[in-house]
Asker: 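Pasting a structure here, questions to come.
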Number of protein chains: 2
Amino acid sequence: MATNQLYKGSLSTIILKLLGEKGRMYGYQITQEVKAISSGEYVITEGALYPMLHKLEAQGLLTVEIEMTGNRMRKYYSITKNGKKEVANLMTEMESYIRNMQSLLNPKIDLA
Amino acid sequence: MATNQLYKGSLSTIILKLLGEKGRMYGYQITQEVKAISSGEYVITEGALYPMLHKLEAQGLLTVEIEMTGNRMRKYYSITKNGKKEVANLMTEMESYIRNMQSLLNPKIDLA
DNA sequence: TCTAATGCATAAGCTATTTATGTATGTTTG
DNA sequence: CAAACATACATAAATAGCTTATGCATTAGA
């Protein structure tokens with residue numbers, strides 16, 4: 001990973017939002033989806049993903065169902081009611097963050 | 001700090017960009033400026049600020065001049081040529097981050 | 001005169017992450 | 001058909017970027 005540090009702190013927001021939009025997804029699928037949407041610029045590492053999924057489940061924001069595709073296990077995650085509340089808060093924080101960054105970093109806003 | 005984790009990783013970008021725009025600033029002044037611009041939503045702690053200023057100086061991205069205002073010390077920082085190169089890279093990364101977040105979190109973009 | 005603000009600094013601890021492994025199945029390719 | 005790569009889960013150690021806590025000193029305000 002020669003990538004930048006900016007994505008730190010946004011993983012839970014991304015996971016919850018994605019599950020809120022797309023319905024059930026399994027871990028590996030989330031990594032592929034995020035990589036695709038970000039044009040390969042954000043690659044979620046497994047060491048970050050799986051502990052985060054377990055944490056969100058432990059917090060009651062996600063539920064999990066294990067399914068077998070042939071001999072291969074998949075753990076499908078879905079967002080809970082509390083998860084939906086939480087994602088709304090996280091989205092507000094993200095919007096506020098982006099707004100503040102734009103203020104801080106683009107002082108040349110055209111107010112004309 | 002009950003604040004969110006999203007600001008992690010953006011401190012160096014903010015400092016360098018601010019110094020690139022405003023010219024010389026001292027540490028405390030940076031914290032006040034950032035707090036004001038973000039409407040109090042981003043408060044840089046001293047424990048984060050000063051080590052970062054020292055790090056950026058050690059990397060040759062900032063230079064420092066000590067001045068006395070009466071009996072009170074101020075350390076004025078200015079951006080170097082290498083700092084300007086670096087801030088350009090960091091800005092590109094920030095723009096890319098924000099673009100990717102908007103793709104990931106606002107799937108309902110009007111393409112109409 | 002006590003408190004808050006200004007202005008610097010560092011050390012310990014926390015937390016989200018990266019890096020490094022590990023296990024196992026399925027698919028592609030030389 | 002064997003090796004490499006993709007799929008799919010998992011965890012532990014190390015790292016990075018902070019927060020929290022503390023310290024010192026000057027200045028302004030209640």
Side-chain angles (χ1 to χ4, degrees), chain A residues 1-16 24-36 38 40-59 61-62 64-77 86 90 93-94 97, chain B residues 1-16 24-36 38 40-59 62 64-77 90 93-94 97:
Chain A
M1 300 296 112
T3 332
N4 69 59
Q5 306 292 82
L6 296 174
Y7 292 90
K8 268 184 203 285
S10 34
L11 183 57
S12 56
T13 307
I14 291 171
I15 292 174
L16 289 171
R24 327 188 316 145
M25 294 180 82
Y26 57 98
Y28 186 76
Q29 186 184 8
I30 293 173
T31 68
Q32 298 313 106
E33 185 84 5
V34 168
K35 182 155 63 174
S38 69
E41 286 174 25
Y42 183 29
V43 176
I44 300 174
T45 60
E46 294 163 296
L49 175 74
Y50 293 112
M52 180 61 80
L53 287 171
H54 301 160
K55 184 185 167 191
L56 295 174
E57 192 200 346
Q59 290 175 339
L61 307 179
L62 298 181
V64 70
E65 292 165 306
I66 298 176
E67 282 184 27
M68 299 307 287
T69 307
N71 281 335
R72 173 165 289 164
M73 178 182 60
R74 283 178 180 172
K75 293 179 79 171
Y76 281 90
Y77 289 89
E86 180 62 8
L90 292 173
E93 285 182 9
M94 178 62 78
Y97 169 77
Chain B
M1 302 294 113
T3 333
N4 68 59
Q5 306 292 83
L6 295 174
Y7 291 90
K8 265 183 207 285
S10 35
L11 183 57
S12 56
T13 307
I14 291 170
I15 291 174
L16 289 171
R24 330 188 312 147
M25 293 180 82
Y26 57 97
Y28 185 76
Q29 186 184 8
I30 293 173
T31 67
Q32 298 313 107
E33 185 83 5
V34 167
K35 181 154 65 173
S38 69
E41 285 175 25
Y42 183 30
V43 176
I44 301 175
T45 60
E46 295 164 294
L49 175 72
Y50 293 111
M52 179 60 79
L53 288 172
H54 302 160
K55 184 185 166 190
L56 296 173
E57 191 199 346
Q59 290 174 341
L62 298 181
V64 71
E65 291 165 306
I66 297 177
E67 283 186 25
M68 299 306 287
T69 306
N71 281 334
R72 173 166 288 165
M73 179 181 61
R74 284 179 178 170
K75 292 179 79 172
Y76 281 90
Y77 289 89
L90 292 173
E93 286 182 9
M94 178 62 78
Y97 169 77

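Because only heavy atoms are used, hydrogens play no part in the values below, and waters and symmetry mates are left out as well, while side chains stay in. Below, chains carry the letters A, B, ... as their sequence lines are ordered, and counting in each starts from 1.
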Asker: Test of understanding: with side chain to side chain donor-acceptor pair (under 3.5 Å), list the residues that count as partners of B/Gln29, not counting sequence neighbours.
Answerer: none

Asker: Figure out the CZ/P separation between A/Arg74 and D/dA8, and round it to whole Å.
Answerer: 4 Å

Asker: What is the distance, rounded to the nearest whole Å, between atom CG of B/Leu49 and atom P of C/dA9?
Answerer: 9 Å

Asker: Where the side chain of A/Glu46 is defined as all heavy atoms beyond and including C-beta, which of C/dC8, D/dT19, D/dC9 is the nearest nucleotide?
Answerer: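 Of C/dC8, D/dT19, D/dC9, D/dC9 is nearest to the side chain of A/Glu46.
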
Asker: What does B/Thr31 touch in the nucleic acid at a heavy-atom separation under 4.0 angstrom: a base, only the sugar-phosphate, or nothing?
Answerer: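 Result for B/Thr31 = nothing.
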
Asker: Measure from the side chain of A/Thr45, starting at C-beta and using heavy atoms only, and say which of D/dC18, C/dC8, C/dT19 lies closest.
Answerer: C/dT19

Asker: Separation of A/Tyr50 atom OH from C/dT17 atom P, in whole Å?
Answerer: 16 Å

Asker: Looking at residues at least two apart in the chain, or sitting in another chain, which of them share a side chain to side chain donor-acceptor pair (under 3.5 Å) with B/Tyr26?
Answerer: B/Arg74

Asker: To check you understand the geometry: which heavy-atom pair defines the closest contact between A/Lys35 and A/Val43, and what is its length?
Answerer: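 Looking at all heavy atoms of both residues, the shortest contact is CD-CG2, 3.8 Å.
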
Asker: Between B/Asn4 (CG) and D/dG17 (P), how many Å, whole number?
Answerer: 18 Å

Asker: For DNA chain C, whose closest nucleotide is more 5', that of A/Lys8 or that of B/Tyr76?
Answerer: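 By nearest-heavy-atom nucleotide position, the 5'-most residue is B/Tyr76.
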
Asker: Does A/Glu65 have any side chain to side chain donor-acceptor pair (under 3.5 Å) partners at least two apart in sequence or in another chain, and if so, which?
Answerer: A/Arg24

Asker: Just how far, in rounded Å, is P of D/dA10 from CG of A/Leu53?
Answerer: 8 Å

Asker: Select one nucleotide: of C/dA16, C/dC8, D/dA10, the one nearest the side-chain heavy atoms of B/Gln5.
Answerer: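 Looking only at heavy atoms from C-beta outward on B/Gln5, the closest nucleotide is C/dA16.
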
Asker: With sequence neighbours left out, write down each residue that passes side chain to side chain donor-acceptor pair (under 3.5 Å) with A/Glu33, or none if nothing qualifies.
Answerer: A/Lys22

Asker: Mind checking whether B/Tyr42 and B/Tyr7 have parallel, tilted or perpendicular rings, split at 30° and 60°?
Answerer: parallel

Asker: Identify the pairs formed between an N or O of the protein and an N or O of nucleotides 2-6 of chain D at a distance under 3.5 Å, and give each distance.
Answerer:
none

Asker: Using atom CD1 of B/Ile66 as one end and atom P of C/dA9 as the other, report the distance to the nearest whole Å.
Answerer: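 Atom CD1 in B/Ile66 sits about 8 Å away from atom P in C/dA9.
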
Asker: Side-chain N or O of B/Tyr7 versus OP1/OP2 of D/dC18: is the shortest distance under 4.0 Å?
Answerer: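 No, B/Tyr7 has no side-chain N/O under 4.0 Å of OP1/OP2 on D/dC18.
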
Asker: Rounded to the nearest angstrom, tell me the gap between atom NZ in A/Lys75 and atom P in D/dT11.
Answerer: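 My rounded result for the distance is 8 Å.
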
Asker: B/His54 has an atom NE2; how far is it from atom P of D/dA16, in whole Å?
Answerer: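 Taking NE2 of B/His54 and P of D/dA16, I get 19 Å after rounding.
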
Asker: Nearest of C/dT10, C/dT17, D/dT11 to any side-chain atom of A/Pro51?
Answerer: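 Out of C/dT10, C/dT17, D/dT11, the nucleotide with an atom closest to A/Pro51's side chain is D/dT11.
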
Asker: Which residue lies toward the 5' end of DNA chain D, B/Gly70 or A/Met73, if each is placed at its nearest nucleotide?
Answerer: A/Met73

Asker: Kindly write out the residues that satisfy side chain to side chain contact (heavy atoms under 4.5 Å, CB included) with A/Glu46, not counting sequence neighbours, or none if the list is empty.
Answerer: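 For A/Glu46 the side chain to side chain contact (heavy atoms under 4.5 Å, CB included) partners, ignoring immediate neighbours, are A/Tyr50.
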
Asker: Considering every strand and a 4.0 Å limit on heavy-atom distances, what is the contact class for B/Gly47: base, sugar-phosphate, or nothing?
Answerer: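 Base, at least one base atom sits under 4.0 Å.
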
Asker: Checking contacts here: which listed nucleotide (C/dC8, D/dC18, C/dT18) is nearest the side-chain heavy atoms of B/Ala48?
Answerer: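 Given the options C/dC8, D/dC18, C/dT18, the side chain of B/Ala48 is closest to D/dC18.
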
Asker: By the 4.0 Å heavy-atom rule, please label B/Gly27 as base, sugar-phosphate, or nothing.
Answerer: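 Counting heavy atoms under 4.0 Å across all strands, the contact made by B/Gly27 is with sugar-phosphate only.
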
Asker: Is there a side-chain contact between A/Lys55 and the phosphate of C/dA16, meaning an N or O under 4.0 Å from OP1 or OP2?
Answerer: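 A/Lys55 to C/dA16 OP1/OP2: side-chain N or O found under 4.0 Å.
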
Asker: Using a 4.5 Å cut-off on heavy atoms from C-beta on, say whether the side chain of B/Tyr97 contacts that of B/Ser10.
Answerer: no

